[in-house]
Structures are given as C-alpha cells and as structure tokens.
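Each remark here refers to the structure printed beneath this line.
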Amino acid sequence: MIHKVLVANRGEIAVRVIRTCREMGLRTVAIYSTLDKDSMHVRMADQSVCVGPPPSAESYLNVPSILSAIEITDSDSVHPGYGFLAENPAFAEICENYGVKFIGPSSECIRLMGDKIEARRAMRKVRVPTVPGSDGAITDEEEGLRISKGIGFPVIIKAAAGGGGRGMKIVHSPASFVNAFLTAQSESLSAFGVPDVYIEKYFEHARHVEVQVIGDKFGNVIHLGDRDCSVQRRHQKLIEEAPAPFIPARVRKRIHKAAVDGAAAVRYNNVGTVEFLYISEGEFYFLEMNTRIQVEHPVTEMITGIDIVREQIRIADGKKLRVDQKGVQFRGHSIECRINAEDPETFTPSPGLINSCVFPGGFGIRVDTGIYPGYTVPPTYDSLLGKLVVHGDDRNEAIMRMRRALEETRIEGVKTSIDFHKKLMMDSDFTEGRLWTKFVEKRA
Ligand code: ADP
C-alpha cells in the first residue's frame, strides 16, 4: 500500500501532486535543487530533501541522488510529474526493481510509446490511423527523399525519440530535403542520443486534438474525453480546452474509440494521453502517446469531476478503476491559459523576483501555481508560472469567465503571457473556433 510519496518534480505540478496526496492522507516528500530551497512545493511537503545543484542534470534528473532521497525518507512510491524523469523508462524500471511504486505506467509502456516509430506501428496494428509517412526509421537521405516525394511535400522529419516540441523539421520542397534530413539526424543524435528519424506528411491546417485515457492493471481502459490544444507556439501549447469544440459527435466517438483501442492494445496501465492531428470532419491521425500526466489535465478534471492524480496513485497502488465508461459524465466546458514568465510579444523568458501577485477567484475558477509574492523565478527551468483554469456551462461562458479571470490577475516583477491571453480571448478566430496549430505564428 502507498503511504508516502516522493514527488520527483518542482513548480506547479509538484504542488498539484502534493495537494491530492494530502487529501488522500498520504505523506509527501519534496525534492529540490539548491536554487529551489524556498519553493512552494518544498514548504508544502511533509519532508524535503536537496538532491543537487541548480542544473537539472545534477538535481531533478539525478537518479542516484533521487534514489537516495527515496531511501532515506523511506518513501514507498514516486510521482514523476511531467518532464524530467516522467517518461524515462530506465528510471521507472529501477523503481520497479527496488520495490518502489512508480506512479505512472509500466516501464514497458513508457519504453514502447517513447519510441514514436514503434508507437506508430503498435497503433497501425489495431487500425488506429497514423499520420501518412514512413514505415520505420529512415537512415539514408536518398531513401528519405524518395519517400517524401511519394507522400508529397511538405513533410515533417521527426526524431523517433523526440518530445516537447523538439526534434522536428518541416521541409517544403525536394530541394531543401537532404540538408534538413542530415541536420535532423545529427540534432536527434545530440539531443536524444539516437539518430533515428522518420518522415510524416506535414498538415498545415490541422488541429491538435488529444484524448485522456486511463487504464488499470486489470486490463480496463476508458477515456475521459478530449481536449483541443491547437493554440501553440513553436509546437508548445499555450491554451487548452475541453471538450475540443466544433467536432461532430460521431467523429468525436471515433476519436475516443481510436484512443481507447490504441491504449488497450499496449495494455496501458495508468493515465496517458493519445494525441491526434485533426484535419477535418472524418479525417484524423494518431501523432503520439504521452505516458504521463499532462500540463493540461485540469481542463479534463473540470468537465469530468475526476481527480486524475488520485486515479494515477490508486492505479499504481494496484487498485481497479472506480468508474466504467458509462460512469464518466461530461459537464460544461473548460479552458486553461498557461501563464509563463515571458515577454508577451517576443515570448523570450523573463525570470526574476515576483514583487506581488494576485490571482483570480470566484465561481468556476481554478489556479494551479507554485509562485507567491517574494518568490524569485529562476532562469534555469521552464518558464511556466502557473495555469489559469475556468469552467463554464458552455464555451462562451468559459471564454467570458476567462476574460474576467485574466483581468483580475496581477503579477508584478516579471513579464508574463497574461496580455497575450487577454488578446486571444477577444480574437474572433478563437471565439468562433477557427483553430489550427499555426494560429499564433501566422498572425505574429
Ligand atoms: P512532441 O512529442 O515534441 O510534442 P508531436 O508529435 O506531439 O511532438 O507534435 C507536436 C506538435 O507539432 C503538434 O501538436 C503539431 O502542432 C505539430 N505537428 C507534429 N506533427 C505534425 C504533422 N505531421 N503535421 C502538422 N503538424 C504537426
């Protein structure tokens, strides 16, 4: 039985996980780098252990140090959050071997889905449509060019081990292919340790639609509906909403079924996200599966009333799913705005001291953050300060509520993306649902 959870992360997600642990009556252990000693997650946990100096490689990614923290605090489980070690199969495997419960899927699932080429194969086997492209890894540039001509330009070259929007190259014409291919290979090798790349058709006018799934260790898999995450910049999500708007009911059903079939096929056994490119009514393709909690999970929690972190912990503890598909009730509409410490025009990071901050409140509002007045945002980690999440009866009400929430929010000391979100919530393309993944870049 899980009694004590070591949270191997920082920032808003560490705070988020600690909150649910507390509600479940579980003890919590925070880890932190020397730079994070005054962080909110450290203050909130029952215990805390410093795992190293500021660079992530020496602290939040330092496996020996984290294992020692697990041992000295007698933790029986570890929640990886997102990023850092969340999708590292070797870490999950070490935990499994040490008898420490890894709060996520099995290392086997993480390994399989972490290889995007293998993941595509696994999906195709159960007839989940994948983005048209190469069958496996392409090692030869001439072969790559031939395949790309067959698919038709533009194409996107992707690192098999890529993630977080990194390791992708869009190629518009045969003339620029070879160069882009060789660069993609060498970048993949240096960033991810493997040179394997594959090729997909590049869809300019696509939406990013994903499905939250949950599976337990008894073979039960259900979905918690979908989200739209098309408002992105450089493949990084900025706004997410649930449900994904303007999708006909029968197509939505097919997307849900594809996600559940895909997850069931790999015996997926925790919470995960199956991502799709949605091209048009009836046309959608599997992109990849994320084997962790997502930044945007709160919008799904808002429309289902299900605490996804609680489910993660229960499943890791060997419990059965508490609800079946029919038991999942969807209500209303939810939107999340990611508040980053960055210039709203140029998107460059803006670390520094938070002199003051006031967050919104009232009906239908949720704020997940790790900042407080007097906190210094370090330049070392990602720039996410927190997430503003609203719930409304429908999408229009959620947009009105988000406008109000953004008006109430005051963060002084660092530049933030709040003004960007304010503009976006007034933009008729957004409010009327003309969403696509180039939404932000094509108007900048
Ligand atoms: P990552 O693992 O780095 O997040 P994904 O494969 O999930 O990579 O892709 C991230 C984003 O890149 C997608 O949300 C989408 O905006 C864009 N993208 C990826 N593949 C394609 C494609 N074939 N056509 C158009 N856009 C794509």
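The first residue in the sequence is number 1, and the count goes up from there. All ligand and atom numbering here is 1-based and tracks the order in the structure.
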* Residue portion contacting ligand 1 (non-hydrogen atoms closer than 4.0 Å) for Glu204 -> neither

* If only atom types and distance count, is the side chain of Ser417 paired as donor or acceptor with the main-chain N or O of Asn340 below 3.5 Å? -> yes

* Among protein heavy atoms, which lies nearest atom 3 (O) of ligand 1, and at what distance? -> Gly165 N, 2.4 Å

* To do: Give a yes or no on whether Asp427 atom CG has more than 12 heavy-atom contacts from other residues, nucleotides or ligands under 6.0 Å away.
  => yes

* Would a distance-only check, ignoring hydrogens and angles, find a side-chain to backbone donor-acceptor pair under 3.5 Å from Glu296 to Glu241? -> no

* Run the contact test for Ala206 against ligand 1 with a 4.0 Å cut-off on heavy atoms, strictly below, and give the result. => no

* Asked: Of the backbone atoms (N, CA, C, O) and the side-chain heavy atoms from C-beta on, which set of Leu277 has a member under 4.0 Å from an atom of ligand 1: side chain, backbone, both, or neither?
  -> side chain

* Asked: When only distance counts, is Lys158 in polar contact with ligand 1, meaning an N/O pair under 3.5 Å?
  -> yes

* **Glu275: numbered ligand 1 atoms lying under 4.0 Å from its heavy atoms** => 7 (O)

* Asked: With atoms numbered from 1 as shown, which atoms in ligand 1 lie under 4.0 angstrom from a non-hydrogen atom of His208?
  -> 13 (C), 14 (O)

* Which ligand 1 atoms are under 4.0 Å away from a heavy-atom of Lys116? -> 1 (P), 2 (O), 5 (P), 6 (O), 8 (O)

* Asked: What is the nearest protein non-hydrogen atom to atom 26 (N) of ligand 1, stated with its residue, atom name and distance?
  -> Tyr202 CE1, 3.4 Å

* Asked: Does a salt bridge link Glu187 with Arg166, judged by any charged N lying under 4.0 Å from a carboxylate O?
  -> no

* To do: Heavy-atom contacts with Arg166 under 4.0 Å: which atoms of ligand 1 show up? List them by number with element.
  => 3 (O)

* Any chance the rings of Tyr278 and Tyr285 have centres within less than 6.0 Å? -> no

* Please answer whether the main-chain N or O of Asn290 pairs with a side-chain N or O of Thr273 as donor and acceptor at a distance below 3.5 Å. => no

* Does the gap between the ring centers of Phe284 and Phe276 come in under 6.0 Å? -> yes

* To do: Compare all side-chain heavy atoms of Val271 with those of Gln212 and state whether any distance is below 4.5 angstrom.
  => yes

* Using distance alone, decide if ligand 1 has a nitrogen or oxygen within less than 3.5 Å of any nitrogen or oxygen in Phe203. => yes

* To do: With atom 5 (P) of ligand 1 as the reference point, say which of Met289, Gln236, Glu288, Lys201 has the nearest heavy atom.
  => Glu288

* Just need the protein heavy atom nearest to atom 10 (C) of ligand 1, so name the residue and atom and give the distance. => Met168 CE, 3.8 Å

* Asked: Which residue and non-hydrogen atom of the protein lie closest to atom 18 (N) of ligand 1, and at what distance in Å?
  -> Ile156 CD1, 4.4 Å

* Asked: So, Arg401 and Glu397, do they make that salt bridge, N to O below 4.0 Å?
  -> yes

* To do: Identify, by atom number and element, the atoms of ligand 1 in contact range of Thr437, meaning under 4.0 Å from any of its heavy atoms.
  => 16 (O)

* Do His297 and Arg16 get their side chains close enough for a donor-acceptor pair, meaning under 3.5 Å? -> yes

* Structure fact -> atom 16 (O) of ligand 1: of Glu200, Gln232, His235, the nearest heavy atom sits on Gln232

